Amino acid sequence: MADSTDRTLSKHIRVSPEQWERIEQASQGSALTANQLVVELAIEALDRREWPRSEAEIKVARASLFSAQALARGLIADGREQEVQEIREFISGIVPDPDTGG
C-alpha cells in the first residue's frame with residue numbers, strides 16, 4: 001500500500017519573502033514543515049467557513065443575539081436610541097452587515 005506522500009500533488013504558490021519568513025518561523029518547533037503548515041492552515045480556514053458546525057455554536061449565537069436585542073431595547077426605553085445607532089455603526093465597521101438584498 002502506498003503512503004500518503006505517493007499521492008501528493010506538487011503545486012506552486014507565490015508569497016512574498018516576508019510572508020514566507022513568517023510561515024517558516026511559525027513552523028519552527030512543530031512537526032510540520034512550512035509547506036505543510038500552509039496547507040493545514042488553508043484547510044482549517046476553509047472548514048471554519050462552514051459555521052455553525054455544532055449545536056453549541058448555534059446556542060451561543062442565539063444567546064448573543066437575544067442579549068444584544070435585550071440591551072438595545074433597554075437603551076431605547078431609556079431614551080438612548082442614538083447610542084444604539086452608534087454601536088450598530090461601530091460594529092458594522094468591524095463586521096459588515098449581511099447582504100439583505102434578495
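Everything quoted here is computed from the prediction, not taken from an experiment. The first residue of the sequence shown is numbered 1, and numbering continues consecutively from there.
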Next item on the list: Apply the test side-chain contact (heavy atoms from CB on, under 4.5 Å) to residues Gln69 and Arg73: give CA-CA distance (whole Å), side-chain angles for both, the deciding distance (0.1 Å), then the verdict.
Entry: CA-CA 6 Å; Gln69 186 68 19; Arg73 287 181 179 202; 3.1 Å; yes
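- At a threshold of 4.5 Å between side-chain heavy atoms, the hydrophobic network of Ile, Leu, Val, Met, Phe, Trp and Tyr places Val38 and Val15 in one connected group.
- For the atom pair CD1 (Ile13) and CG (Asn35), the distance works out to 7.5 Å, reported to the nearest 0.5 Å.
- In this model, a donor atom of one side chain and an acceptor atom of the other lie less than 3.5 Å apart for Gln85 and Glu89.
- Among the candidates Ile58, Leu65, Val60, the single residue satisfying the side chain to side chain contact (heavy atoms under 4.5 Å, CB included) test with Arg62 is Ile58.
- Annotation: Glu83, atom CD; neighbour count of heavy atoms from other residues, nucleotides and ligands within 6.0 Å is above 12.
- We find the OG1-CD distance between Thr33 and Glu24 to be 10.0 Å, quoted to the nearest 0.5 Å.
- In this structure, the side chains of Ile87 and Leu75 come closer than 4.5 Å at one or more pairs of heavy atoms.
- Rounding to the nearest 0.5 Å places CD of Glu86 at 12.0 Å from CZ of Arg88.
- Between Ile76 and Val84, the closest heavy-atom pair is CG1-CG2, 4.0 Å.
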